[in-house]
Amino acid sequence: MESTSFMQLAIDLAIENVKQGKGGPFGAVVVKEGKIVGQAANSVTSTNDPTAHAEVNAIRQACAHLKTFDLSGCELYASCEPCPMCLAAIYWARIDKVYVSATKHDAAEVGFDDAFIYEEFALPKENRKVLQVPLLVQEGKAPFKAWKQKTDKIPY
């Protein structure tokens with residue numbers, strides 16, 4: 001298959017998802033060495049999971065299929081430009097390249113507007129809508145101390 005075929009599959013997944021009413025109009029395909037290793041649509045409303053975006057679902061599927069958390073060497077085809085959460089997941093998964101079809105502006109026109117998240121990220125923590133309140137600050141360092149001392153850890 002070629003790049004346009006993978007993108008068309010992502011778009012088709014998004015359209016079918018709308019028809020089935022399982023979630024938003026988004027689809028994603030993860031490819032490694034020309035083979036599909038993960039494909040998914042958005043399932044936020046059908047699973048009651050706000051993190052179940054198409055890209056995250058496809059990444060989870062690819063990781064399970066390849067039995068690794070490192071998707072270096074993979075490409076992701078997204079029917080729409082990834083939101084901030086999905087973009088972060090793409091970076092954490094170490095995906096090499098992302099192909100996109102629709103833009104975040106196209107998504108915003110139908111109610112999927114992430115602009116407020118970008119605006120929140122730019123604000124100082126104390127001015128954000130969701131406050132981060134420090135609590136048990138010293139105790140919170142214990143897991144990192146345990147990690148640092150662990151001799152058989154798997155870095156990621």
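Since we're looking at a predicted model, the values are computed, not measured.
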Nearest-0.5 Å distance that lies between atom CZ in F6 and atom CD in E75
8.0 Å
Taking every non-hydrogen atom, the tightest pair across A89 and V56:
CB-CG2, 4.1 Å
Taking all heavy atoms of S79 and all of P25, pick out the closest pair and write down the distance.
OG-O, 4.0 Å
Is the shortest heavy-atom distance from the side chain of I59 to the side chain of I95 under 4.5 Å?
yes
Can you check side chain to side chain contact (heavy atoms under 4.5 Å, CB included) on I15 and Q20, steps first, answer last?
CA-CA 9 Å; I15 293 168; Q20 291 183 8; over 6 Å; no
Can you check whether E126 reaches L131 side chain to side chain, under 4.5 Å on heavy atoms?
no
Counting only heavy atoms not in E33, do more than 12 fall under 6.0 Å of its CD?
no
Between atom NE2 of H105 and atom CD of E81, what is the distance when rounded to the nearest 0.5 Å?
6.5 Å
Can you establish whether the number of heavy atoms outside K19 located under 6.0 Å from its atom NZ is more than 12?
no
Under a 3.5 Å cutoff, is there a donor and acceptor pairing between the side chains of S101 and Y77?
no
Heavy atoms of P143 and G140 approach each other most closely as CD-O, 3.3 Å
Would you say S72 and D70 are linked by a side-chain donor-acceptor pair, where the criterion is simply a distance under 3.5 Å?
yes
When rounded to the nearest 0.5 Å, the distance separating CG of N42 from CG of L13 is 11.5 Å
Hey, could you give me the CZ/CD distance between R60 and E55, rounded to the nearest 0.5 Å?
11.5 Å
List the steps and the verdict of side chain to side chain contact (heavy atoms under 4.5 Å, CB included) for V31 and V37.
CA-CA 6 Å; V31 175; V37 294; over 6 Å; no
Least distance between heavy atoms, L66 atom then C74 atom
CD1-SG, 4.1 Å
Could you check whether atom NZ of K32 has more than 12 heavy atoms from other residues, nucleotides or ligands sitting under 6.0 Å from it?
yes
Could you verify whether a donor N or O on one side chain and an acceptor N or O on the other, from N57 and Q61, lie under 3.5 Å apart?
no
Can S43 and D49 be counted as having a side-chain donor-acceptor contact under 3.5 angstrom?
no
Min side-chain heavy-atom separation V100-P82 under 4.5 Å:
yes
Any idea which heavy atoms bring E120 and K129 closest together, and the distance?
OE1-N, 2.8 Å
Report whether I90 and Y99 are members of the same hydrophobic cluster (ILVMFWY, side-chain heavy atoms less than 4.5 Å apart, transitive linking).
no
Can you label the angle between the F112 ring and the F26 ring as parallel, tilted or perpendicular, going by 30° and 60°?
perpendicular
Mind listing the closest non-hydrogen atom pair of G27 and A14 along with its distance?
N-CB, 3.5 Å
cation_pi(K104, Y118) dist<6.0 Å, angle<=45
yes
What distance do L76 atom CG and M7 atom CE have between them, rounded to the nearest 0.5 Å?
8.5 Å
Return yes if some donor-acceptor pair links the side-chain N/O of N127 with the main-chain N/O of P124 below 3.5 Å, else return no.
no
Check salt bridge (charged side-chain N to carboxylate O under 4.0 Å, His left out) between E16 and all other residues, then give those that pass, not counting sequence neighbours.
none
Please assess S5 against E2 for the test side chain to side chain contact (heavy atoms under 4.5 Å, CB included), listing each intermediate value before the final yes or no.
CA-CA 5 Å; S5 297; E2 58 185 59; 3.9 Å; yes
Within the structure provided, determine whether V30 and I36 are in side-chain contact (heavy-atom separation under 4.5 Å).
no
Measuring from atom CZ of R94 to atom CH2 of W92, what distance do you get when rounded to the nearest 0.5 angstrom?
8.0 Å
